2 protein chains.
Amino acid sequence: MTNITEIAKKANVSRTTVSRVLNNHPYVKPEKRDAVLKAMKELNYVPNFNAINLSRGKTNVFGVIVPKINHPFFSKLIAGIGEECNKHNYSLLVHQSNNDPEQEMEFFNRLKYKLIDGLILGSCISPHHVLDEISEFGNIVSCEASASKQVAHIFINHESGIKMAIDHLRNQGHQSIGLCIGNPKSGVGISRKKSFFHFRNEYGLKWSDNWYFEEQYTIENGIEIAKLLLNKSPRPAAMVVGSDYVAAGIIYEAKRQGIRIPEELAVIGFDNQPISKVIELSTIHQPIKELGQTAANLLYNLMNNKDVPNINKLNLKLIKRKST
Amino acid sequence: MTNITEIAKKANVSRTTVSRVLNNHPYVKPEKRDAVLKAMKELNYVPNFNAINLSRGKTNVFGVIVPKINHPFFSKLIAGIGEECNKHNYSLLVHQSNNDPEQEMEFFNRLKYKLIDGLILGSCISPHHVLDEISEFGNIVSCEASASKQVAHIFINHESGIKMAIDHLRNQGHQSIGLCIGNPKSGVGISRKKSFFHFRNEYGLKWSDNWYFEEQYTIENGIEIAKLLLNKSPRPAAMVVGSDYVAAGIIYEAKRQGIRIPEELAVIGFDNQPISKVIELSTIHQPIKELGQTAANLLYNLMNNKDVPNINKLNLKLIKRKST
DNA sequence: CTGAAAGCGCTAACAC
DNA sequence: GTGTTAGCGCTTTCAG
């Protein structure tokens with residue numbers, strides 16, 4: 001493995017000069033620069049980034065943690081982040097936590113150990129004091145609302161999303177509305193649940209505890225929900241569902257049971273995933289890719305000491321189709 | 001930032017001993033070990049992996065490259081890889097190429113520059129000689145069939161998948177069958193196309209060039225295809241579609257036009273994505289997650305000089321639903 | 001414009 | 001069991 005020392009010898013210059021050429025520094029005589037370049041070519045020089053990283057104290061790698069990579073929300077988020085990383089010539093380390101605090105810690109350590117320069121939290125359940133402690137080792141950007149003041153935030157305004165969904169259903173004449181969310185401990189889950197109950201009270205909607213479901217992620221989950229929901233009475237007239245997939249499962253099973261959508265059960269999802277179009281599901285469109293891109297740029301700007309707002313919100317859009 | 005030198009001083013031992021403690025070497029007197037551990041605690045010691053990596057000449061990071069992260073096939077593949085990486089305590093660098101050779105090179109350089117120890121190719125279009133050259137810098141595992149002998153392969157037996165689909169359609173009485181694939185230059189695309197035409201000839205199926213589509217990835221693409229396909233005559237009786245999403249789009253538009261599925265047009269997809277269940281799409285199930293897991297383990301074993309087969313195939317399964 | 005020299009923080013032969 | 005010493009490959013003052 002040839003290194004700059006060998007290049008320096010061959011080109012009859014010092015290692016410093018080689019380094020300068022490598023880093024495009026000014027003040028290198030053209031002849032010397034050419035000699036160095038020539039030597040690098042002849043010796044097939046390849047830089048070693050571990051050495052560079054050690055010396056510079058940074059790696060140009062960002063990390064992102066998500067509960068599941070194979071989830072349409074998170075894979076789109078990662079895609080957005082990845083795009084911006086490519087632009088800034090950063091690499092992206094992706095870590096899957098399964099919402100396991102130990103795995104989250106494992107990931108945070110990558111920052112402590114200087115394997116990555118900054119962190120993006122797609123979703124995480126670790127308490128604030130953990131994040132506060134970790135943030136001493138590098139910048140953190142969260143894609144969820146959370147209470148830590150040490151980390152920058154960019155997130156989707158779930159409160160307005162829930163309100164949008166409820167307002168829409170009320171406009172369609174519904175008074176009894178159920179709720180289904182994913183992880184109730186995540187930032188998304190917390191704010192969706194909170195604002196749903198807030199507006200339910202404010203509008204005086206009818207309610208039964210049987211109309212609430214959490215930890216629901218898949219089509220299969222949706223099918224189960226429909227089975228539980230449709231046999232009981234009273235039944236809600238409409239469901240607000242935090243995931244298009246779960247909503248798809250509910251509709252699938254409801255139709256199988258001969259229940260008319262939306263007359264007997266209105267359903268609205270979240271995300272505007274491709275599946276929603278095919279099954280004519282009304283949904284709340286979330287700018288997921290933009291979320292990822294903004295998060296990456298936020299982190300990039302933080303790393304470069306730019307002045308950036310500490311809290312940012314993205315807005316949502318109602319997509320009305322035939323399920324409501 | 002405290003380093004092992006400070007620890008050594010504080011604990012009254014040599015740096016070597018500290019290193020030994022850090023790496024759980026035998027032959028360290030318990031008293032010294034305790035002294036070191038105590039000093040590390042008091043000084044809040046955090047190891048620096050760039051230094052470790054430089055010294056050891058490896059990083060414990062795998063890299064994976066895919067055209068798009070936000071694609072159900074690839075996000076599931078990455079999830080499988082990520083799971084095994086967590087088990088082996090490897091990190092995972094994910095790179096999105098958009099099938100751009102320059103971006104692929106950018107990623108390969110990460111291996112040359114020693115940022116990652118090994119590569120997994122989710123899909124890549126770079127020619128063999130590039131891969132051969134890169135493979136000098138570390139192990140490579142490809143998730144597609146490709147001609148380079150330097151890289152290990154684990155892939156899905158697309159030939160058998162195409163045969164399965166065609167056999168099924170023939171059993172249903174169809175003689176005129178069209179084909180729709182994604183990237184025709186990728187390993188998947190190449191082998192699907194090749195084997196489709198092979199069996200078309202072998203079985204003497206009817207054919208029109210109008211029944212072939214490539215570069216099709218989304219529901220919207222499927223809708224376009226249906227518009228093109230359904231207005232022309234002769235029309236195929238069935239379509240083999242390389243993606244459940246595209247298939248979903250075709251069915252969506254066909255139904256909108258009042259065409260009965262499968263009587264007037266049979267459609268079979270690939271992947272068994274969640275969407276296929278909801279719309280009753282027959283499809284070829286691919287063990288994507290297993291593919292990712294196997295790829296990661298293959299790479300891990302290669303890195304550890306275990307003896308592993310150079311070529312591995314995974315098999316497929318027909319899921320019969322109502323679209324055929 | 002250029003080079004000497006001192007790091008960056010850790011590992012690993014080798015000798016005792 | 002333990003310490004000395006020489007790396008790993010590059011960056012960056014500082015002096016000229």
Side-chain angles (χ1 to χ4, degrees), chain A residues 1-40 43-61 109-117 137-138, chain B residues 1-40 43-61 109-117 137-138:
Chain A
M1 201 92 299
T2 79
N3 55 22
I4 55 166
T5 307
E6 287 187 40
I7 306 290
K9 261 187 218 149
K10 181 133 189 163
N12 260 316
V13 298
S14 70
R15 297 168 17 157
T16 312
T17 300
V18 176
S19 173
R20 281 202 258 267
V21 172
L22 240 27
N23 293 286
N24 281 315
H25 276 259
Y27 308 133
V28 182
K29 236 191 212 155
E31 301 95 75
K32 297 221 174 194
R33 154 166 282 117
D34 291 344
V36 169
L37 258 21
K38 182 156 162 272
M40 296 203 307
L43 295 179
N44 246 316
Y45 173 72
V46 173
N48 181 320
F49 266 72
N50 287 316
I52 297 176
N53 293 343
L54 173 59
S55 190
R56 286 216 251 254
K58 58 188 273 279
T59 60
N60 276 41
V61 179
N109 281 340
R110 306 280 201 279
L111 184 68
K112 286 176 83 165
Y113 298 164
K114 295 188 171 302
L115 230 46
I116 45 191
D117 292 343
F137 297 91
Chain B
M1 202 91 298
T2 80
N3 53 24
I4 56 167
T5 306
E6 288 187 39
I7 305 289
K9 261 187 217 148
K10 180 130 191 165
N12 261 317
V13 298
S14 72
R15 298 168 19 160
T16 311
T17 301
V18 177
S19 173
R20 282 202 258 267
V21 173
L22 240 26
N23 294 286
N24 281 316
H25 276 258
Y27 308 135
V28 182
K29 235 189 210 154
E31 303 94 75
K32 298 223 171 193
R33 154 166 281 116
D34 290 344
V36 168
L37 259 19
K38 180 155 164 273
M40 295 203 306
L43 296 178
N44 244 316
Y45 173 72
V46 173
N48 180 321
F49 267 71
N50 287 316
I52 298 176
N53 292 342
L54 173 60
S55 190
R56 286 217 250 255
K58 57 186 280 266
T59 60
N60 276 41
V61 179
N109 281 339
R110 306 278 200 278
L111 183 68
K112 286 176 83 165
Y113 298 165
K114 294 188 172 300
L115 230 44
I116 46 190
D117 293 344
F137 296 90

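So you know, we letter chains A, B, ... as the sequences are listed, proteins then strands, and number each from 1. All values reported here derive from a predicted model rather than from experimental measurement.
The side-chain contact (heavy atoms from CB on, under 4.5 Å) test with B:Ser14 singles out one residue from B:Thr17, B:Val18, B:Asn12, and that residue is B:Thr17. Between A:Met40 and the choices A:Leu43, A:Asn44, A:Leu37, the side-chain contact (heavy atoms from CB on, under 4.5 Å) rule is met once, by A:Leu37.
B:Thr17 comes within 4.0 angstrom of sugar-phosphate atoms only, judged by non-hydrogen atoms across all strands, and of no base.
Along DNA chain C, the stretch of nucleotides lying under 4.0 Å from any heavy atom of chain B spans, 5' to 3', C:dG9 to C:dA13.
As rounded to whole Å, 12 Å separates atom P of D:dT12 from atom CG of A:Asn53. Following rounding to the nearest Å, A:Arg56 (CZ) and D:dT13 (C1') show an atom-to-atom distance of 16 Å. D:dG9 atom C1' lies 15 Å from atom CG of A:Leu43, rounded to whole Å. Put simply, CE on A:Met40 is 16 Å from P on D:dG9, counting in whole angstrom units. Between the CD1 atom of B:Ile52 and the C1' atom of D:dG9 there is a distance of 17 Å, rounded to whole Å. Regarding B:Arg15, its CZ atom lies at a distance of 10 Å from the C1' atom of D:dT5, rounded to whole Å. One can place CD1 of A:Ile4 at 6 Å from P of D:dT11, the figure rounded to the nearest angstrom.
Across all non-hydrogen atoms, the minimal contact from A:Tyr45 to A:Leu22 is OH-CD2, 3.6 Å.
Atom CG of B:Asn60 and atom CZ of B:Phe49 lie 7.5 Å apart (nearest 0.5 Å). From B:Arg33, atom CZ reaches atom CG of B:Asn24 across 6.5 Å, with rounding to the nearest 0.5 Å. Taking NZ from A:Lys9 and OG1 from A:Thr5, the interatomic distance works out to 7.0 Å, rounded to the nearest 0.5 Å. The OG1 atom of B:Thr59 lies 3.5 Å from the CG atom of B:Asp117; values are rounded to the nearest 0.5 Å.
Of the residues in residues 19-39 of chain A, those lying under 4.0 Å from DNA chain D by heavy-atom distance are A:Ser19, A:Asn23. Of the residues in residues 6-14 of chain A, those with a non-hydrogen atom less than 4.0 angstrom from any atom of DNA chain C are A:Val13, A:Ser14.
Of the possible donor and acceptor atoms, one in the side chain of A:Asn3 sits under 3.5 Å from a partner among the backbone N and O of A:Glu6. Counting only distance, with no hydrogens or angles, the side chain of A:Asn50 and the backbone of B:Lys114 share a donor-acceptor pair below 3.5 Å.
A donor-acceptor pair shorter than 3.5 Å cannot be found between the side chains of B:Ser19 and B:Thr16.
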- Which is it for B:Asn53 and A:Leu54 under the side chain to side chain contact (heavy atoms under 4.5 Å, CB included) test, yes or no, and what are the steps along the way? CA-CA 9 Å; B:Asn53 292 342; A:Leu54 173 59; over 6 Å; no

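B:Thr16 contributes a side-chain N or O that forms a donor-acceptor pair with the base of D:dT4 under 3.5 Å.
Listed pair A:Asn3 / D:dG9 meets the phosphate criterion, a side-chain N or O lying under 4.0 Å from OP1 or OP2.
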